[in-house]
Amino acid sequence: MNFERKDESNNYDYVHLFSYDLPREVYEHRKWVIEWRKAKLVCQYPKGCVRYTLHFYDKRFGNNIQLNKDLNRLISAKAQVTKAQRKIDKYVVYNKANNLFFDENTDTDLLKAREKLETKIANIKEAEERMKLKIKQIQEGNNEKN
């Protein structure tokens with residue numbers, strides 16, 4: 001979270017005044033802390049048009065947003081696998097209870113669903129490998145900077 005005010009010489013630029021690194025829970029449950037800091041800065045800079053900006057980030061990667069797209073893809077792929085697996089399980093349980101002639105090995109709908117599930121699981125493995133490679137590249141980049 002950053003507090004800024006308008007630059008008096010240039011109305012389009014903002015000058016950095018103060019920063020917080022608050023956990024999201026603190027922000028959500030203790031908004032009065034932010035409002036108190038803003039009120040203090042408004043009193044110090046009455047013509048400065050004080051504002052605050054908020055940026056959420058993942059603790060594992062910090063402010064590095066290079067992995068957000070890949071991480072969201074991985075999460076989505078895992079959710080698809082979970083949904084498909086639950087549907088297959090529900091289908092099998094229902095048909096075992098209500099269909100005397102149900103056979104898991106010959107049911108065409110079930111076989112197609114399982115093939116799709118295998119494809120989705122392979123996509124997850126590929127996405128995990130991409131994530132590992134990107135994390136390794138980022139860590140190597142950080143080690144070179146230090």
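Throughout, numbering of the chain's residues begins at 1 and tracks the sequence.
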[X] [atom1] to [Y] [atom2] distance, which is reported to the nearest 0.5 Å:
{"X": "Thr119", "Y": "Gln80", "atom1": "OG1", "atom2": "CD", "answer": "11.5 Å"}
{"X": "Asp70", "Y": "Ile135", "atom1": "CG", "atom2": "CD1", "answer": "9.5 Å"}
{"X": "Ile75", "Y": "Arg73", "atom1": "CD1", "atom2": "CZ", "answer": "13.0 Å"}
{"X": "Ile34", "Y": "Trp32", "atom1": "CD1", "atom2": "CH2", "answer": "9.5 Å"}
{"X": "Arg130", "Y": "Glu126", "atom1": "CZ", "atom2": "CD", "answer": "6.5 Å"}

Count I, L, V, M, F, W, Y as connected when their side-chain heavy atoms are under 4.5 Å apart, and connections chain through other members. Are Val15 and Val42 then in the same cluster?
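In one cluster with Val15: Val42, no.
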Is Leu133 reachable from Met131 through a run of I, L, V, M, F, W or Y residues, each pair having side-chain heavy atoms under 4.5 Å apart?
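In one cluster with Met131: Leu133, no.
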May I ask you to decide whether Arg114 forms a salt bridge with Glu104, counting only side-chain N to carboxylate O separations under 4.0 Å?
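Salt bridge present between Arg114 and Glu104.
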Under-4.0 Å salt bridge between Glu128 and Lys78:
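Salt bridge flag = yes for Lys78 with Glu128.
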Could you walk me through whether Lys90 and Lys87 satisfy the side-chain contact (heavy atoms from CB on, under 4.5 Å) test, starting with their C-alpha distance in whole Å, then the side-chain angles of each, then the deciding distance to 0.1 Å, before giving a yes or no?
CA-CA 5 Å; Lys90 186 176 177 181; Lys87 283 184 180 181; 5.7 Å; no
[X] to [Y] - nearest heavy-atom pair and separation:
{"X": "Val50", "Y": "Leu17", "result": "CG2-CD1, 4.4 Å"}
{"X": "Asn2", "Y": "Ser19", "result": "OD1-OG, 2.8 Å"}
{"X": "Leu110", "Y": "Ile88", "result": "CD1-CG2, 3.6 Å"}
{"X": "Ile124", "Y": "Leu74", "result": "O-CD1, 4.0 Å"}

Count the heavy atoms of every other residue, nucleotide or ligand shown that sit under 6.0 Å from OH of Tyr94, and state whether that count exceeds 12.
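Not buried by this count: 12 neighbours or fewer within 6.0 Å.
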Candidates Lys6, Arg5, Glu4 - the one meeting side chain to side chain contact (heavy atoms under 4.5 Å, CB included) with Cys49
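Of the listed options, the one satisfying the test is Lys6.
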Does Arg37 make a cation-pi contact with Tyr52 (under 6.0 Å, within 45 degrees of the axis)?
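Verdict for Tyr52: no cation-pi partner in Arg37.
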Parallel, tilted or perpendicular: which one describes the rings of Phe3 and Tyr20, with boundaries at 30° and 60°?
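Plane angle over 60°, so perpendicular.
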Starting from the C-alpha separation in whole Å, work towards a yes-or-no answer on side-chain contact (heavy atoms from CB on, under 4.5 Å) for Tyr91 and Phe102.
CA-CA 11 Å; Tyr91 179 80; Phe102 177 72; 4.0 Å; yes
